[in-house]
Engineer: 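My structure is below; once you've seen it, I'll send some questions.
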Amino acid sequence: MLLRPLEPNSLAVESRALAQALIGCVLVSDAPEGRSAGRIVETEAYLPGDPACHAFIGKTGRNATLFGVPHRAYVYLIYGTSYCFNLASEADGVGAGVLVRALEPLHGVELMESRRGTRVLRDLCRGPGRLTQALGIGRGHDGANLFEGGRLWLAAPDRPPGRIRSSRRIGLTQAAARRLRYYEAGNPFVSGPRKLSPP
DNA sequence: AGGATGATCGTCT
DNA sequence: GACGATCATCCTC
């Protein structure tokens, strides 16, 4: 399978534009065990000054990469069990990011199955904690540059993305009404509700 | 030093 | 649909 590295500086910096631009792009993990990759089908934007954004409380040890240069990986542990993968967004110094919530498996399905402990294709990368486990992403990837051919990088879309829809973000207690979740319409690898939520 | 919290997942009913 | 696991992180003594 041909994977063409995404051109640096080709992605939007503004959080909502970035969240939409990432749909269809391919996230690639090159680990000692082999390559695994998936097509991004669902994202969420976390804006500057957004109470739901980890950066809202100010810069701390955990969230520092959200305040750094855009498009670096921000990875953190949630509920003591799962890692979430984000890209920092907005200008250097501004705390914001985009969470990647689901991938469509593209490459290295056997490796993903072994990491995930399931052979159900639809369950490999559907959900933020699942996709990080499938690709072997952990806290060690925090701060990674995704454009210099390292262990984790972004490739250009392998095909044009379908129509993008939006909805409320999932699992939030803060700012839950805002429609900052984006997903490819009709894609079975999208997590959570695939219908439009009420305005 | 101790307690509360959470952008989730898997299991059970 | 509901619930418990599990722990790094942050806040308050």
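Within every chain, numbering begins at 1; the chains are lettered A, B, ... in the order of the sequence lines, protein sequences first and strands thereafter.
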Engineer: How close or far is atom P of dC11(C) from atom CZ of F56(A), stated in whole angstroms?
Structural biologist: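 About 12 Å, once rounded to whole Å.
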Engineer: Output the rounded distance in Å from CG (L172(A)) to P (dT5(B)).
Structural biologist: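 After rounding, the gap between these two atoms is 17 Å.
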Engineer: Listing request: all salt bridge (charged side-chain N to carboxylate O under 4.0 Å, His left out) pairs with a residue in residues 29-38 of chain A, at least two apart in sequence or in separate chains.
Structural biologist: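 Qualifying pairs: D30(A)-R35(A), E33(A)-R115(A).
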Engineer: Are the side chains of I40(A) and E184(A) in contact, using a 4.5 Å heavy-atom criterion?
Structural biologist: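 A side-chain contact under 4.5 Å is absent here.
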Engineer: Among dG10(B), dT8(B), dC11(C), which nucleotide has an atom closest to any side-chain atom of C84(A)?
Structural biologist: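 That would be dT8(B).
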Engineer: Looking at dG10(B), I'd like to know if its phosphate oxygens (OP1 or OP2) sit under 4.0 Å from a side-chain N or O belonging to R116(A).
Structural biologist: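 For R116(A), the contact criterion (side-chain N or O under 4.0 Å from OP1 or OP2 of dG10(B)) is met.
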Engineer: Assess whether atom CZ of R159(A) is packed by more than 12 heavy atoms of other residues, nucleotides or ligands within 6.0 Å.
Structural biologist: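 Enclosed: over 12 neighbouring heavy atoms sit under 6.0 Å from CZ of R159(A).
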Engineer: Check each residue of residues 11-29 of chain A for a non-hydrogen atom within less than 4.0 Å of any atom in DNA chain B, then write out the ones that pass by number, or none.
Structural biologist: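 Those residues: none at all.
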Engineer: Please give me every residue in residues 58-75 of chain A whose heavy atoms get under 4.0 Å of an atom in DNA chain C, ordered by residue number.
Structural biologist: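 Nucleic-acid contacts, sorted: T60(A), G61(A), R62(A).
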Engineer: I need the CG-C1' distance between L87(A) and dA7(B), as an integer number of Å.
Structural biologist: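 Atom-to-atom, L87(A) to dA7(B), this comes out as 15 Å.
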Engineer: Do T65(A) and R72(A) pair up side chain to side chain, a donor and an acceptor below 3.5 Å, judged on atom types alone?
Structural biologist: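 R72(A) and T65(A) do not have a side-chain donor-acceptor pair below 3.5 Å.
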Engineer: Starting at the 5' end of DNA chain B and moving along, which residue's nearest nucleotide shows up first, D123(A) or T173(A)?
Structural biologist: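 Its nearest nucleotide lies further toward 5', so the answer is T173(A).
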Engineer: Quick one: do R169(A) and E44(A) make a salt bridge, cutoff under 4.0 Å?
Structural biologist: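 Salt bridge absent between R169(A) and E44(A).
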Engineer: Let me confirm one number: the CD1-OG distance from I137(A) to S29(A), rounded to the nearest 0.5 Å.
Structural biologist: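 OG of S29(A) is found 6.0 Å from CD1 of I137(A).
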Engineer: Taking 4.0 Å as the cut-off, does a side-chain nitrogen or oxygen of R181(A) come that near to OP1 or OP2 on dA7(B)?
Structural biologist: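 No, because none of the side-chain N or O atoms of R181(A) sits under 4.0 Å from OP1 or OP2 of dA7(B).
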Engineer: Could you list all the salt bridge (charged side-chain N to carboxylate O under 4.0 Å, His left out) pairs where at least one residue sits in residues 127-153 of chain A, not counting sequence neighbours?
Structural biologist: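 Counting only pairs at least two positions apart or across chains, the salt bridge (charged side-chain N to carboxylate O under 4.0 Å, His left out) contacts touching residues 127-153 of chain A are R139(A)-D142(A).
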Engineer: Which of residues 37-53 of chain A sit near DNA chain B, with a heavy atom under 4.0 Å from it?
Structural biologist: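 Going residue by residue through residues 37-53 of chain A, the ones with a heavy atom under 4.0 Å of DNA chain B turn out to be Y46(A), A52(A).
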Engineer: dA8(C) P sits how many Å from Y79(A) OH, rounded?
Structural biologist: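 Distance, rounded to whole Å: 17 Å.
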Engineer: Looking at OG1 of T43(A) and CD1 of I23(A), how far apart are the two atoms once the value is rounded to the nearest 0.5 Å?
Structural biologist: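 Here the rounded value is 4.0 Å.
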Engineer: How close or far is atom P of dT5(B) from atom CD1 of I57(A), stated in whole angstroms?
Structural biologist: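 It is 14 Å, rounded to the nearest whole Å.
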Engineer: Do R126(A) and S191(A) have side-chain atoms, one donor and one acceptor, less than 3.5 Å apart?
Structural biologist: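 R126(A) vs S191(A): no donor-acceptor pair found between side chains.
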Engineer: Students often mix this up, so state it plainly: with edges at 30° and 60°, are the rings of H54(A) and Y74(A) parallel, tilted or perpendicular?
Structural biologist: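 Rings of H54(A) and Y74(A): perpendicular, over 60°.
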Engineer: Please tell me which of the listed nucleotides, dA7(B), dT9(C), dT6(C), lies nearest to the side chain of L99(A)?
Structural biologist: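 The closest nucleotide is dA7(B).
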Engineer: With a cut-off of under 6.0 Å to the ring centre and 45° to the axis, is R16(A) in cation-pi contact with Y182(A)?
Structural biologist: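 Relative to the ring axis of Y182(A), which defines the angle, R16(A) lies outside at least one limit.
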Engineer: Are any of the side-chain nitrogens in D158(A) or R39(A) under 4.0 Å away from the carboxylate oxygens of its partner?
Structural biologist: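 A salt bridge is present here (some side-chain N lies under 4.0 Å from a carboxylate O).
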Engineer: Round to a whole Å and report the spacing from CZ of R130(A) to C1' of dA7(B).
Structural biologist: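 One finds 15 Å between C1' of dA7(B) and CZ of R130(A), rounded.
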Engineer: So how far is it from N63(A) CG to T60(A) OG1, rounded to the nearest 0.5 Å?
Structural biologist: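 The OG1 atom of T60(A) is 3.5 Å from CG of N63(A), to the nearest 0.5 Å.
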Engineer: In terms of heavy-atom contacts, does CG of D92(A) have more than 12 from other residues, nucleotides or ligands at under 6.0 Å?
Structural biologist: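 Yes.
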Engineer: Should the side chain of Y76(A) and the base of dA7(B) be counted as holding a donor-acceptor pair, with the cut-off at 3.5 Å?
Structural biologist: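 Side chain to base: pair present.
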Engineer: In this structure, how many angstroms lie between the P atom of dC10(C) and the CG atom of L77(A), rounded?
Structural biologist: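 The distance from CG of L77(A) to P of dC10(C) comes to 12 Å, rounded to the nearest Å.
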Engineer: Contact class for G80(A) (heavy atom, under 4.0 Å): base, sugar-phosphate, or nothing?
Structural biologist: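 Base contact.
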Engineer: In whole angstrom, give the distance that lies between atom CZ of R168(A) and atom C1' of dA7(B).
Structural biologist: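 The distance from CZ of R168(A) to C1' of dA7(B) comes to 16 Å, rounded to the nearest Å.
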Engineer: Under a 3.5 Å cutoff, is there a donor and acceptor pairing between the side chains of E90(A) and S15(A)?
Structural biologist: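 Distance-only check passes for E90(A) and S15(A).
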Engineer: Just to be sure I follow the notation: if a pair is Watson-Crick (purine N1 to pyrimidine N3 plus N6-O4 or O6-N4) or a G-U wobble (N1-O2 and O6-N3), each under 3.5 Å, what dot-bracket string does DNA chain C give, with | for pairs to another strand?
Structural biologist: |||||.||||||.
